[in-house]
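Data first, discussion second: the structure below is written as structure tokens.
Note that these values count all heavy atoms, side chains included, but never hydrogens, waters or copies made by symmetry. Chain A is the first sequence line, chain B the second, and so forth, proteins listed ahead of strands; every chain is numbered from 1.
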There are 2 protein chains.
Amino acid sequence: MSTDERHRPAASRPRRVDVARLAGVSPATVSFVLNQTTGQTISDETRQRVLQAVAELGYRPNRAAQGLRQGRSATIGFVNHDADFGVFAAASIKGAHEACMRQGNLLLLVNTGGSNRQAAQLIVDLLDRQTDALIFAAVGTRSVVLPDAARRVPTILLNCFAPHDPAPAILPDEVRGGREAAQALLDLGHRDIAYLTGSASLWATKARLRGFREALRGAGLDPREHAVLSGNYHADSGYELVRKLLRRGPRPTAIMCGNDRMAVGALLGLLEAGIRVPEDVSVMGYDDQFQLAAEIRPALSTVRLPYDVMGRLAAEQLAAGGSAVHTGRTLVHCPLVMRDSTAAPAGARTRA
Amino acid sequence: MSTDERHRPAASRPRRVDVARLAGVSPATVSFVLNQTTGQTISDETRQRVLQAVAELGYRPNRAAQGLRQGRSATIGFVNHDADFGVFAAASIKGAHEACMRQGNLLLLVNTGGSNRQAAQLIVDLLDRQTDALIFAAVGTRSVVLPDAARRVPTILLNCFAPHDPAPAILPDEVRGGREAAQALLDLGHRDIAYLTGSASLWATKARLRGFREALRGAGLDPREHAVLSGNYHADSGYELVRKLLRRGPRPTAIMCGNDRMAVGALLGLLEAGIRVPEDVSVMGYDDQFQLAAEIRPALSTVRLPYDVMGRLAAEQLAAGGSAVHTGRTLVHCPLVMRDSTAAPAGARTRA
DNA sequence: TTGAAAGCGCTAACAT
DNA sequence: ATGTTAGCGCTTTCAA
């Protein structure tokens, strides 16, 4: 077996020299044509010969080799820093992936399981592979510690923030989301709105609650007179809380829920008690969860948590250039989505 | 600026020669130590010096360079061949990711949006990056056309099959899942079970229905006497179908649903009609969907679609060696998960 | 307008 | 027991 063959398994892809040979030019010329190298003038005829050879052989440059040479890999690392890896992570990834497609990048995905140690290790693994940039994402919006290793490449925080780190962050505008949800209910004529919140300690919970209160005050109402029960974002907590609410006394005309899953639980609890939605009480969710909010009956009025948009934004900002990355926090709007679980209260109809 | 500096930006990572210099050995020796190259005997003292230098500098081999040299990249391509990128894709990815962690591999993730053209292109993009193997995954189990390019590397089909392709496939055992779900209901004493199926044309739908019928026949019942209404796997179709079922005549004592989302819809429709679950009628889901089945009230009895296990299996089989990949189809068991939405029918209690 | 040649950081066969 | 050296496939300066 000749030396030539030993290094070229039969099934392997064509290399640049194969193209050069076929086109009757030097390997360098092939690079010049393919990369449209500036400052290199290639005759039109040569370019055609090269392109034809490329097409004929089905040649594609080896990106590992390109990467080694150029120190970049056309790959972005996506670090999912959360215990779970569910529908919201999927949405951000989907958005980031879309943007990457347009840029010719690919996503190298890792999941830390929520451990900082794992996160640090995985970022190193990513960097070992020449990842050009990093998206560090959490699902429950929260404060994180960005591993030092991440400093080596442009990094953007998705749905989380690192207090003592200059890395830019992309976050949903939860205050406004909470405010607009409450405002929509107020606009329908509701004056007695209960709020079944998610886990009280979370950033998103507090922000949404703040928006809720702002809206009430804006309508001249006293937030202290409105029931606020705290749950944990799971469907069963919506169910339990609504039962508690019903036992407690006069029924509000509308119920805002921490998220769509809690709203589903609330819906179930309400129906079980013989209370109709939205005729007897309006229910408002949050998240616009894929395959849930729009599909249940009644279809849920909610606020869309735009994880896909945020993922896309992250990848776009990263591609826009490491240093040109928008610094500080970017707040992304969470648009209101009105469906069938909300309506004017019975009283308002009488009044009208 | 000296030549030396021009090629070594201040912030760049240490290279192998830096370690070699610090340890007072040749670069090759560093490789030998780090890779535990067989057939090379390194004195214990030298090994220690090298390892210490590695630790001191925080040296990590550049995998792009290793990859270029070895023709492998410690990276597996995960192709999500579906329009959606949701909770089930997330589950398979999570499983595959877990297995990859143990192997020292990372996942390069792409999403085809369900287009064959895109799939072909993306696989080429993956291969350009020296991906060692491919997981080609669909969410709705179905027949796919595996792009030719995939032939270059070991490929495993996840939740799909390519009729004229030798690539091994990992699939859920839906027939058995459907059978066991129905059997559980029969065991509780139900004799009149309706089935609200998912989209009639899908492989999974047919398989589950077949299992359902097998179980009925096994119990000496005639499947033709049992209502089978077909929907589309969305929650609203469960809702609509249950209303249709109630209008139609005598109510069955149990309802099997195409999936958990349909079961949620059915639950909503049932409650709305004043029918209690499981007291008046039992409801059985399918999928054991994350953050849904276990959380709603009543918690849903269902069959677990083990996408995480399947993802893990795929990555493991791939790592077990390209050629040693288990050929043909691997059926993965879908275990029954009994919760609170099922109970013995009222009649059976009397009889007992 | 094109080609030669020096690496990018590493592995592994071969030499010492 | 360790070092030398020839690439892996590509980009890019410099020379022709």
Side-chain angles (χ1 to χ4, degrees), chain A residues 1-9 12-21 23-50 54 57 59-74 127-130 132, chain B residues 1-9 12-21 23-50 54 57 59-74 127-130 132:
Chain A
M1 185 187 255
S2 81
T3 302
D4 212 15
E5 279 164 350
R6 182 159 28 115
H7 291 294
R8 208 180 349 156
S12 92
R13 9 194 311 165
R15 294 155 308 160
R16 193 185 49 155
V17 318
D18 300 319
V19 176
R21 208 133 47 199
V25 298
S26 82
T29 303
V30 176
S31 286
F32 294 148
V33 170
L34 255 30
N35 304 338
Q36 293 158 279
T37 312
T38 58
Q40 287 291 341
T41 55
I42 301 288
S43 75
D44 223 57
E45 190 229 317
T46 315
R47 179 195 323 290
Q48 290 313 323
R49 275 217 317 283
V50 169
V54 165
L57 295 175
Y59 170 75
R60 311 213 84 219
N62 177 325
R63 301 211 82 140
Q66 283 185 324
L68 180 58
R69 182 57 226 246
Q70 303 187 125
R72 35 169 271 115
S73 59
L127 262 26
D128 288 349
R129 284 167 178 81
Q130 301 268 55
D132 300 330
Chain B
M1 186 187 256
S2 81
T3 302
D4 212 17
E5 280 165 348
R6 182 156 31 110
H7 290 294
R8 208 177 353 153
S12 93
R13 7 196 311 163
R15 293 155 307 160
R16 193 185 50 156
V17 321
D18 300 319
V19 175
R21 207 135 47 199
V25 299
S26 83
T29 304
V30 176
S31 287
F32 293 149
V33 170
L34 256 31
N35 305 337
Q36 293 157 280
T37 312
T38 58
Q40 286 291 339
T41 56
I42 300 288
S43 75
D44 224 54
E45 189 230 317
T46 316
R47 180 196 320 291
Q48 290 313 321
R49 274 216 318 283
V50 168
V54 165
L57 295 176
Y59 170 75
R60 311 212 85 220
N62 178 326
R63 301 211 83 138
Q66 282 186 323
L68 180 58
R69 181 59 228 245
Q70 302 188 128
R72 35 168 270 120
S73 59
L127 294 177
D128 287 349
R129 286 168 177 80
Q130 300 268 56
D132 300 331

So A:Val17, base contact, sugar-phosphate only, or nothing? Heavy-atom distance under 4.0 Å.
nothing
Between C:dA4 atom P and A:Gln40 atom CD, what is the distance in whole Å?
14 Å
Using whole Å, what does the distance between atom C1' of nucleotide D:dC8 and atom CZ of B:Arg63 come to?
16 Å
Closer to the 5' end of DNA chain C via nearest nucleotide, is it B:Gln70 or A:Phe32?
A:Phe32
Quick note, B:Ile42 side chain, CB onward, closest among D:dT2, D:dC10, C:dG3 is D:dT2
A:Arg69 has a side chain; which of D:dC10, D:dG3, C:dC10 sits nearest to it?
D:dC10
Nearest whole Å is fine: how far is D:dT12 C1' from A:Asn35 CG?
10 Å
Among A:Val19, A:Val54, A:Thr46, A:Val50, find the one that has a side-chain contact (heavy atoms from CB on, under 4.5 Å) with A:Val33.
A:Val50
Mind calculating the distance between CZ (B:Arg47) and P (D:dA1) to the nearest angstrom?
10 Å
Could you tell me how far apart B:Gln36 (CD) and C:dC10 (P) are, to the nearest whole angstrom?
17 Å
Quick one: does B:Arg49's side chain have a donor or acceptor within less than 3.5 Å of a partner on B:Ala23's backbone?
yes
Can you work out whether B:Ser43 or A:Ala28 has the more 5'-proximal nearest nucleotide on DNA chain D?
B:Ser43
Return no unless some side-chain N or O of A:Thr29 is found under 4.0 Å from OP1 or OP2 of C:dG3.
yes
Atom pair CD (B:Gln66) and CZ (A:Arg129), whose distance is rounded to the nearest 0.5 Å:
9.0 Å
Among C:dG9, C:dG3, D:dG9, the one nearest any side-chain atom of A:Asn62 is D:dG9
Starting at CZ of A:Arg72 and ending at P of C:dG9, how long is that distance when rounded to a whole Å?
16 Å
Assign B:Thr46 to base, sugar-phosphate, or nothing according to its heavy-atom contacts below 4.0 angstrom with the strands shown.
sugar-phosphate
Distance check needed: C:dT1 C1' versus A:Gln48 CD, whole Å only.
16 Å
Rounded to whole Å, please give me the gap between CG in B:Asp18 and C1' in C:dC8.
14 Å
Let's see if you can work this out: which of C:dT2, C:dC10, D:dC8 has an atom nearest to the side-chain heavy atoms of B:Leu68?
D:dC8
Closest approach to the side chain of B:Pro61, judged atom by atom: which nucleotide of C:dC10, D:dT12, C:dT2 is it?
C:dC10
Applying the side-chain contact (heavy atoms from CB on, under 4.5 Å) criterion to A:Val30, which one of A:Asp18, A:Val25, A:Val17 satisfies it?
A:Val25
Interatomic distance, CZ@B:Arg15 vs CZ@B:Arg21, rounded to 0.5 Å, equals 7.0 Å
